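Below: the structure, in structure tokens.
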4 protein chains.
Amino acid sequence: MIPVANSRSDSPMPSLPQPRRIPRQSRSRALVEAILEATARVLTERGYAGTNTNLVAERAGVSVGSVYQYFPNKDALLTALHERHAAEMHAAMERALGSPSAAGADTRDLRSKLASLVQAWLAAHRVAPELHRVLEKEFPFFDAPADQSPTDQGIRQRIRALLDEHRSEVVPQDPELATWVMVQTMESLIHAAVIPPGAPCSAEAAGQAIVDLLAGYLCGQARRALP
Amino acid sequence: MIPVANSRSDSPMPSLPQPRRIPRQSRSRALVEAILEATARVLTERGYAGTNTNLVAERAGVSVGSVYQYFPNKDALLTALHERHAAEMHAAMERALGSPSAAGADTRDLRSKLASLVQAWLAAHRVAPELHRVLEKEFPFFDAPADQSPTDQGIRQRIRALLDEHRSEVVPQDPELATWVMVQTMESLIHAAVIPPGAPCSAEAAGQAIVDLLAGYLCGQARRALP
Amino acid sequence: MIPVANSRSDSPMPSLPQPRRIPRQSRSRALVEAILEATARVLTERGYAGTNTNLVAERAGVSVGSVYQYFPNKDALLTALHERHAAEMHAAMERALGSPSAAGADTRDLRSKLASLVQAWLAAHRVAPELHRVLEKEFPFFDAPADQSPTDQGIRQRIRALLDEHRSEVVPQDPELATWVMVQTMESLIHAAVIPPGAPCSAEAAGQAIVDLLAGYLCGQARRALP
Amino acid sequence: MIPVANSRSDSPMPSLPQPRRIPRQSRSRALVEAILEATARVLTERGYAGTNTNLVAERAGVSVGSVYQYFPNKDALLTALHERHAAEMHAAMERALGSPSAAGADTRDLRSKLASLVQAWLAAHRVAPELHRVLEKEFPFFDAPADQSPTDQGIRQRIRALLDEHRSEVVPQDPELATWVMVQTMESLIHAAVIPPGAPCSAEAAGQAIVDLLAGYLCGQARRALP
DNA sequence: TATGAATGAGTATTCATTCAT
DNA sequence: GATGAATGAATACTCATTCAT
């Protein structure tokens with residue numbers, strides 16, 4: 001395993017960097033918010049190499065010191081942004097699928113649910129595609145630790161639960177493997193679809209194709225109804 | 001397009017950096033080879049942040065000046081490595097599918113050909129997974145320009161040709177879109193399967209799953225034979 | 001043992017920092033000379049906290065990069081200066097005492113030799129007392145490693161040899177201990193004498209007093225001749 | 001005098017920084033005590049570079065603001081600690097020699113008194129050698145101003161008084177010079193003896209050697225009785 | 001008074017790139 | 001062509017100090 005020298009200090013990245021202090025007061029929260037907002041903006045405009053803590057601080061209208069008051073290092077900014085993104089995706093998923101505990105309430109078939117999910121995620125990514133590009137394509141090496149982040153785990157588990165709910169419709173035998181295929185495929189294709197140059201078609205068509213792909217794999221037939 | 005400030009000079013990266021001179025003499029070629037080899041080694045051992053031109057030169061047993069004789073800047077090294085990788089993939093594809101001009105010679109069905117291709121690519125990636133990890137996961141922002149690289153275009157076209165050859169078996173209507181789905185899916189899943197932590201199963205099983213996914217999408221059924 | 005966080009990096013100081021490359025060509029040597037000269041000047045003018053590598057480089061008329069080409073870090077500059085000082089003291093000692101191998105050639109008694117040595121060292125320190133102040137008083141924590149430097153060892157050994165040569169005149173039993181007392185006393189008193197506010201008397205008188213002190217300890221009587 | 005740029009503000013240090021307010025209430029005194037205690041602890045554990053006001057405040061269980069309520073700047077903390085040390089040495093000296101006003105009461109000869117003093121100081125330094133190491137070796141540039149501190153003056157004067165009491169036994173003519181030699185020698189050798197790597201012998205033997213050195217200088221013979 | 005969040009100047013070090021030899 | 005010494009802009013991070021609450 002390569003020790004990815006990601007920040008200046010060549011120390012091996014110790015799992016997920018956490019905010020230095022959990023902000024409780026509203027002022028602190030606003031500060032953290034402003035810092036993350038500025039990070040997102042700078043990241044979007046200048047990419048990874050062009051992003052530096054001093055600039056982020058300036059853009060956020062705070063001092064560098066304040067940035068370091070809440071984030072132990074530069075990577076923590078990116079990680080926080082990543083986490084926030086994962087949380088948004090998780091929320092979008094919950095909205096699209098409902099909570100797993102409320103199973104049975106949702107009587108749609110697997111394909112319909114997949115369509116909802118893909119739709120919701122595509123919509124969420126269209127908000128700030130450039131930011132996601134940087135976050136997901138320039139720093140996927142944050143994915144390894146991020147995969148162990150609770151939010152990412154949550155996403156994976158929800159997908160797994162979805163497959164379990166519909167296990168009678170699901171063709172692939174190994175649910176673990178099927179979950180992996182699902183998550184990898186959805187993430188990469190949704191990003192590829194949204195991020196320039198994007199898919200060679202409308203977002204709707206791309207979404208449709210992704211659903212076809214997934215449903216074809218899971219249910220053994222790509223099209224809902226083949227005459 | 002975002003001007004990714006990747007090299008020291010903040011100038012927006014103008015498409016693909018090309019080798020400063022195409023070396024014709026064998027000595028030059030050996031030099032370029034040594035430099036790229038060293039780049040690959042350093043990249044594998046130390047990741048992106050740990051890679052720098054001086055170290056590459058040292059490892060290659062050349063002076064920095066010589067590196068800059070053949071590569072206009074640091075990014076050109078990585079781009080060249082990426083191109084080389086794409087070329088290898090292209091060659092593996094040719095071996096697996098045969099040249100498109102020799103169509104008709106290969107009488108296997110689409111699924112069999114897909115299986116060969118996935119097999120070949122998985123095998124090719126297992127040779128130096130760490131290098132691919134860095135190349136594909138730390139620098140996927142090269143992907144966009146790389147998509148415009150001739151080699152990548154070649155891969156895309158070969159896949160497109162494959163779908164055309166089997167257009168009778170292919171369910172999706174839009175061949176352009178189908179090609180896009182194919183390429184994106186294969187690339188991301190193969191990388192995900194090979195790069196740690198990898199797929200939650202054997203490489204064979206992962207390959208099988210990828211083929212199932214692709215064939216399900218293209219042919220309308222995931223399993224070769226469903227009774 | 002306390003890990004003295006001396007440079008910015010909190011890493012434990014690994015014995016003596018060595019120049020990054022041993023300069024062979026005259027230009028390099030001149031560069032190193034200029035850098036050390038500048039370091040000495042800055043150190044003298046601004047003390048430890050006021051000394052920084054960028055300023056040193058500027059004063060030396062070179063770029064920071066060049067400083068780091070020859071010295072791995074800031075401390076190495078100070079260490080080099082310290083070493084150079086020790087070497088000067090060693091040379092002054094050789095001149096005052098003669099080489100130990102040529103024993104017998106010098107027929108003076110112990111007290112005379114001590115007087116020569118003290119004299120020589122006082123003179124050497126009067127050249128740049130402020131520099132020595134900083135070197136010896138602001139950074140004596142460099143002494144611990146420096147004590148293991150070959151030059152400092154050389155000084156200690158020469159003193160030890162001197163005591164051995166005159167073992168018949170020397171009262172204290174333990175030569176190891178006597179050497180320690182000698183070295184510590186000479187160093188601290190000479191520095192104290194030269195560095196402002198210095199001794200409450202002329203340099204000559206101070207030197208005389210130091211010789212009295214040492215000779216009194218070693219030979220059992222402070223004055224050369226007490227009637 | 002060199003303007004040692006020791007605190008962040010580059011202003012030349014104006015002699016001795018004094019506590020901002022002399023605390024009269026017990027709570028204040030306790031606060032000051034806690035702060036100094038914490039300073040000593042941090043200094044001992046982390047050395048000069050590792051010591052910072054925020055950490056000191058935290059260790060003291062106070063806010064930084066409170067530190068600055070009683071100490072105008074960081075150096076004042078160290079100066080106060082140094083003063084406290086000097087005071088302890090002064091007290092130890094009083095205990096060993098008796099108050100100078102009570103002269104005549106102590107009928108011991110000079111050498112005995114010196115032995116007592118050296119003994120007492122060695123013992124005092126063995127309590128927290130690391131702290132003294134930092135205090136005396138990392139910051140001896142405080143020595144110059146410290147020499148002007150009342151407590152240090154007190155020590156000097158007491159030594160001077162001692163020499164006067166025994167002026168009949170004292171060989172060196174200039175009492176001012178003799179005092180200077182005494183103070184410098186005792187301080188540096190006691191520190192050298194206690195601070196690692198220390199003297200190449202037991203503390204007792206080192207103390208004995210120091211007394212021999214001083215007595216030899218003052219009284220003209222190193223050993224109490226030479227047959 | 002006490003607090004501690006906020007400040008921001010300051011600094012060691014790196015590394016892509018150049019160019020005189 | 002090849003070399004590698006020299007360059008110097010760039011940047012993460014610290015910490016003494018302030019001041020609104």
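In this text, all values refer to a predicted model and were calculated from it rather than measured experimentally. Letters go in sequence order (proteins before strands), and every chain restarts at 1.
- For the pair C:V56 and C:N52, the minimum side-chain heavy-atom distance is 4.5 Å or more.
- Between C:I35 and C:T39 there is a side-chain heavy-atom pair separated by less than 4.5 Å.
- Here F:dC15 is the nucleotide among F:dT18, E:dA16, F:dC15 with the atom lying nearest to any side-chain atom of D:N54.
- Pair check for E:dA20 finds F:dT3; Watson-Crick or G-U wobble, both atom distances under 3.5 Å.
- Between the OH atom of B:Y48 and the P atom of E:dC15 there is a distance of 11 Å, rounded to whole Å.
- OP1 or OP2 of E:dA6 sits under 4.0 Å from a side-chain N or O of A:Y70.
- For E:dC15, the OP1/OP2 oxygens have no side-chain nitrogen or oxygen of B:T53 closer than 4.0 Å.
- For F:dT3, the OP1/OP2 oxygens have a side-chain nitrogen or oxygen of B:S66 closer than 4.0 Å.
- If you take CG of D:L77 and C1' of F:dA16, they are 11 Å apart, rounded to a whole angstrom.
- Taking atom CG on A:L55 and atom P on F:dA9, their separation rounds to 19 Å, with Å as the unit.
- Comparing A:V62 and C:T51 by the nucleotide of DNA chain E that holds the closest heavy atom to each, the one mapping nearer the 5' end is A:V62.
- Summarising the geometry, the separation between CD on D:E58 and P on E:dT3 is reported as 13 Å, rounded to the nearest angstrom.
- Note on A:S63: a side-chain N or O is less than 4.0 Å away from OP1 or OP2 of E:dT7.
- By the 4.5 Å heavy-atom criterion applied to side chains, C:L77 and C:T51 are not counted as neighbours.
- At whole-Å resolution of the value, CD1 in C:I35 and C1' in F:dA6 are 11 Å apart.
- Of the side-chain N and O atoms in C:N52, one or more sit less than 4.0 angstrom from OP1 or OP2 of E:dA12.
- The two atoms that bring D:Y68 and D:K74 nearest to each other are OH-N, 4.5 Å, heavy atoms only.
- As judged by a 4.0 angstrom heavy-atom cut-off over every strand, C:L31 is placed among residues touching the sugar-phosphate backbone only.
- Rounded to whole Å, atom C1' of E:dT11 lies 13 Å from atom CG of C:D75.
- Heavy-atom nearest nucleotides on DNA chain E were determined for C:G65 and for D:V64, and the one closer to the 5' end corresponds to D:V64.
- Distances from the side chain of D:Y68 to the nucleotides F:dT18, F:dC13, F:dA9 place F:dT18 closest.
- Nucleotide E:dT18 holds its P atom 9 Å from the CG atom of B:N73, rounded to whole Å.
- For C:Q69 and F:dG4, the CD to P distance is 12 Å, given to the nearest whole Å.
- Here D:R27 does not pair with D:E33 in a salt bridge; the nearest charged N to carboxylate O distance is not below 4.0 Å.
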